[in-house]
Amino acid sequence: MDNIAGTKSSLTWVVHISVALLIALWLFPTVGLLVSSFRTADQISTSGWWKAMVASEQNLILRAADPDEARVERNGLFVVEGKFFGDNADPGISAWGTSSRAVDAYSIGDVADLGDGETLELRQDGSYVWSGSEEQISGRGQRVFITANIPPDFTLDNYDKILLTGNNTDSMAKAFFNTLTVTIPATIIPIVVAAFAAYALAWMDFPGRALLIAIVVGLLVVPLQLALIPLLKLHLGIGIGKGYLGVWLAHTGFGLPLAVYLLRNYMVGLPRDIIENAKVDGATDFLIFTRIILPLSFPALASFAIFQFLWTWNDLLVAKVFLIDATGETTVMTNQIVEMLGTRGGNWEILATAAFVSIAVPLIFFFAMQRYLVRGLLAGSVK
Amino acid sequence: MHPAIQGLLTIVIGVVGCVGYFYFSNQILDRFIFPARGANAGRNINRANMVRPWLFLLPAIVALGVYLAYPVVETLRLSLTDRALDGAFVGLANYSQMISEQKFWEAMRNNMLWLIVVPAVSTAFGLLSAQLTDRIGWGNIAKSLIFMPMAISFVGASVIFKLIYDTRPVEQAQIGVLNAVWLQFEGGPGSFLMLKALPALMLLSFAAIVAYAVYVVCRPIVAGNRERAHWMTKALQLALGGLGLYLAALALLNVLRVLGADYAYGEPQQWLTLPFWNNFFLMVVLIWIQTGFAMVILSAALRGIPEETIEAAIVDGANPFEVFFQIKVPQIMGTIVVVWTTITLVVLKVFDIVFAMTNGQWETQVLANYMFDKLFRSNDWGVGSASAIVIMLLVSPILIWNVVNARREMR
């Protein structure tokens with residue numbers, strides 16, 4: 001299409017803009033989570049994260065201090081004094097009100113008349129005086145609707161809480177190490193087992209080889225849902241029970257078909273001359289494998305490793321079935337997040353931070369080893 | 001023992017054990033069982049070489065057998081027995097119990113919806129973004145950003161999208177993007193344009209694209225000029241054509257529904273509890289993840305198309321759309337099918353997203369979550385296994401197709 005005269009320049013602009021839009025659309029959700037993880041609970045619940053980047057007009061709903069604790073009697077009137085926005089000297093209040101129907105009824109310095117002598121005054125620095133009779137200044141604090149220009153403000157407190165100081169239900173530290181404990185052996189062991197099998201399937205001649213390859217291709221798509229009950233029964237039966245060993249073995253088993261398939265396809269493509277020369281020189285199969293095949297297959301090994309790593313790190317089902325027991329000591333991050341969704345559904349600062357902690361490591365791996373991931377994908381599905 | 005040390009130990013035992021096994025079993029074979037010396041040296045070498053492949057394969061075969069092949073058989077057996085009756089054989093009782101449950105049919109219906117929508121939309125978006133990003137200088141950066149969600153777990157993505165779908169009472173500021181956008185519409189001409197005219201237009205163009213694709217796919221049959229076409233190809237073309245026509249008709253029908261729809265303007269919506277539509281809000285999560293995958297593979301395929309075919313088409317006066325749909329797409333059809341089936345497999349097994357976002361409430365149940373529910377909440381292994389077998393049956397056409405293809409390639 002590029003070489004149609006006269007159409008190129010206009011079309012190129014359309015392409016640039018559509019791609020930019022597409023990327024914006026695709027990044028938007030993740031950025032929302034990232035930004036939210038740096039905001040306090042108050043900030044998250046009072047304004048959308050997209051307003052956090054720039055100083056923005058926000059409508060806040062605040063409440064004066066609790067009269068039962070803060071009120072003092074002065075000249076026969078009961079008065080509550082306090083200050084919104086903490087130590088901030090100029091929070092940029094542009095308008096305020098005392099009812100949801102008229103949130104911008106007053107400006108700074110006005111005294112709101114709440115009826116029957118009850119008044120509320122709000123000053124520029126956010127301090128207020130709420131006064132009235134004993135009856136009026138009681139119950140809950142007066143609601144104040146403030147329109148203010150809030151500057152961007154980010155905090156690392158959430159990460160501190162999630163990773164270092166949080167209590168048991170909020171802390172991701174243990175789950176992080178548990179996930180790591182699951183992931184590393186579950187990535188390395190299938191590679192070793194599969195590499196040998198792939199070599200046999202690629203370079204050794206024996207009856208039944210084609211059938212075995214066909215079986216591997218078939219097993220590639222067997223849904224692991226099928227394996228849950230029989231294997232759980234087996235693990236409980238032979239005494240492995242629920243635990244790390246079980247989940248390592250399960251991940252090894254489930255990862256093997258892809259590993260064998262990817263590695264075999266790669267090894268078949270290695271030059272025949274090298275292997276035959278080595279054989280003529282008297283090398284055994286074991287030597288050929290360890291000295292020639294393994295080093296040459298590094299790209300394929302790397303692409304399977306990143307697949308398996310992403311899959312085991314992100315897995316929820318296998319961990320839930322084979323690892324996490326009633327005590328919850330061995331919980332992994334995905335499971336911890338799902339539990340938080342249940343117990344702390346509204347606490348977005350916790351959820352967002354926890355989720356970001358769990359996706360940060362795969363994202364780093366992803367960008368570092370993207371080349372191998374793409375290569376593996378292409379080898380695994382395009383023929 | 002600390003799990004980290006245990007893990008380290010397992011790595012060492014696993015790796016050293018495997019390598020040691022391969023090394024020593026080869027040594028034993030060559031030195032003691034069939035030594036390459038003495039009177040039968042030649043015959044022994046041959047025999048050793050016949051045994052050796054199986055030494056290399058043994059661990060993998062054992063693991064595959066125990067962890068994948070045996071469970072298939074065992075699940076089939078379990079689906080015919082009842083755990084409460086000490087594993088007595090009950091025939092098809094579990095299956096009949098399952099199909100009498102409304103939740104199961106809900107899961108089936110939703111799974112079918114997922115099966116149609118997610119692969120289609122992901123592949124279409126993937127094709128679109130592959131075609132677009134291949135034509136610009138910063139395409140690789142664009143690609144890796146669209147590809148990025150692949151690295152994010154389904155659970156992480158669920159949290160991300162739950163934030164987008166979040167709902168606050170009407171008097172509070174909305175923190176979910178979707179509701180914030182939704183509240184911008186108040187029923188005026190702008191709303192009509194965005195919520196009725198635009199979707200109607202999109203449905204119309206979808207119908208047009210599908211109809212055009214049907215035309216392209218089915219033309220060889222009508223024209224009858226390709227005698228050599230296999231009957232299976234023809235059947236596939238017909239099936240695709242039928243499906244396409246159905247989808248196009250459905251889209252046209254929904255144009256009317258969209259135009260006549262009565263929206264609840266000004267009220268924040270609980271997106272995940274709207275029956276039927278909430279399925280689509282869940283599907284968006286998977287589409288968001290899978291589009292990158294489709295894009296990467298399709299982009300490689302697009303780049304593999306010989307330049308001459310495109311140049312010839314342009315010289316013959318084809319417009320850009322004709323070049324794309326009639327020259328490029330047919331040449332990468334094989335890859336599109338592979339992408340489609342791969343995403344189909346992911347969809348059939350989708351569990352985490354539904355589990356984390358709605359847990360099958362509000363009519364969003366899918367088979368994999370239904371099965372998990374049966375297994376670990378109702379503790380009903382029989383029905384759980386039966387639903388696993390249903391998933392297996394849905395997967396098996398792809399399994400057979402893959403195996404047939406793999407065998408054909410090896411010949």
Side-chain angles (χ1 to χ4, degrees), chain A residues 1 15-16 18-19 22-23 26-27 29 32-33 46-48 100 181 185 188-189 192-193 196-197 200 204 206 210 214 217-219 221-223 225-227 229-231 244 248 252-253 256 260 285-286 310 314 316-317 334 337-338 341 351 355 358-359 362-363 366 370 374 377-378 381-382, chain B residues 3-4 7 10-11 14-15 18 22 26 53 56-57 59-60 63-64 67-68 71-72 74-75 129 132-133 135-136 142 144-146 151-153 155-156 159-160 163 171 173 175 180 296 300 320 323 335 338 342 345 349 351-352 356 368 371 381 388 391-392 395 398-399 402-403 406-407 410:
Chain A
M1 276 182 270
V15 170
H16 276 288
S18 346
V19 172
L22 206 63
I23 290 175
W26 244 250
L27 276 185
L33 192 79
T46 49
S47 66
S100 60
T181 314
I188 293 175
I189 296 173
V192 180
V193 175
F196 281 96
M204 293 166 118
F206 58 94
V217 172
L219 290 178
V221 303
V222 168
Q225 266 84 5
L226 250 80
I229 315 174
L231 289 182
Y244 286 111
W248 290 327
T252 303
L256 263 187
V260 173
D285 275 312
F286 187 82
L310 287 180
N314 291 339
L316 171 69
L317 186 57
T334 45
I337 292 171
V338 170
L341 273 174
L351 276 174
S358 93
I359 64 180
L363 279 185
F366 171 83
Q370 201 179 10
V374 170
L377 273 181
L378 292 176
S381 44
V382 179
Chain B
T10 313
I11 297 177
V15 174
C18 273
F22 289 116
N26 273 293
F56 275 69
L57 284 166
L64 285 176
Y67 278 85
L68 285 165
V72 175
E74 176 70 2
T75 302
S129 41
L132 290 177
T133 49
R135 294 158 52 83
I136 53 177
S144 81
L145 290 177
I146 296 177
I152 295 176
S153 62
V155 173
V159 175
I160 291 176
L163 181 60
E171 71 269 13
I175 64 165
V296 164
V323 170
T335 314
V338 169
T342 311
L345 288 173
K349 293 184 259 183
F351 161 78
D352 311 31
M371 184 213 158
W381 288 13
I391 300 177
M392 183 69 207
V395 169
I398 300 176
L399 189 152
N402 272 3
V403 170
R407 298 214 59 145
M410 277 192 308

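Every chain is numbered from 1 and lettered A, B, ... according to where its sequence line falls, protein lines coming before strand lines.
- Both the backbone and the side chain of A:Leu226 come within contact range of chain B, with heavy atoms under 4.5 Å apart.
- Looking at every heavy atom in both residues, A:Ala227 comes nearest to A:Pro230 through O-CD, 3.6 Å.
- If you tally non-hydrogen atom pairs under 4.5 Å between each of A:Ile188, A:Val19, A:Thr252 and chain B, the highest count goes to A:Val19.
- When each of B:Leu132, B:Ile398, B:Ile391, B:Thr133 is checked for heavy-atom pairs under 4.5 Å with chain A, B:Leu132 comes out on top.
- Heavy-atom minimum distance, A:Gly253 versus B:Leu64: O-CD2, 4.3 Å.
- Contact tally against chain B (heavy-atom pairs below 4.5 Å) for A:Ser358, A:Gly218, A:Ser18: the top residue is A:Gly218.
- Side-chain contact between A:Leu219 and A:Val222 is present, with heavy atoms from C-beta onward closer than 4.5 Å.
- Here the CG-CG distance, from B:Leu163 to A:Leu33, works out to 6.5 Å after rounding to the nearest 0.5 Å.
- In this structure B:Tyr67 satisfies the ring-ring contact (aromatic ring centres under 6.0 Å, His included) test together with A:His235, sequence neighbours excluded.
- With a threshold of 4.5 angstrom between heavy atoms, B:Leu345 approaches chain A through side-chain atoms but not through N, CA, C or O.
- In terms of heavy-atom pairs under 4.5 angstrom with chain B, the leader among A:Leu27, A:Ile337, A:Thr334 is A:Thr334.
- Counting only distance, with no hydrogens or angles, the side chain of A:Asn314 and the backbone of B:Ala151 share a donor-acceptor pair below 3.5 Å.
- Classification of the B:Phe56-B:Phe22 ring pair by plane angle, with boundaries at 30° and 60°, yields tilted.
- Of the atoms belonging to A:Phe286, heavy atoms from both backbone and side chain fall under 4.5 Å from chain B.
- With respect to chain B, the highest number of heavy-atom pairs below 4.5 Å among A:Ile189, A:Leu310, A:Val260, A:Leu256 belongs to A:Leu256.
- The two residues A:Gln225 and B:Lys349 come nearest to each other via the heavy atoms NE2-O, 3.6 Å.
- The minimum heavy-atom distance linking A:Ile359 with A:Pro362 is given by the pair O-CD, 3.4 Å.
- Between chain B and the residues A:Val338, A:Leu231, A:Val192, the largest count of heavy-atom pairs under 4.5 Å involves A:Leu231.
- For a residue to count as touching a neighbouring chain, one of its non-hydrogen atoms must lie under 4.5 Å from one of that chain's; by this rule A:Gln370 touches chain B with the side chain only.
- The most heavy-atom pairs under 4.5 Å with chain A, out of B:Leu68, B:Leu145, B:Val296, come from B:Leu68.
- The contact between A:Ala355 and chain B is made entirely by side chain atoms (from C-beta outward), counting heavy-atom distances below 4.5 Å.
- By number of non-hydrogen pairs under 4.5 angstrom with chain B, the leading residue of A:Ala210, A:Ala200, A:Ala214, A:Pro223 is A:Pro223.
- Residue B:Met371 touches chain A through its side chain alone, counting heavy-atom pairs closer than 4.5 Å.
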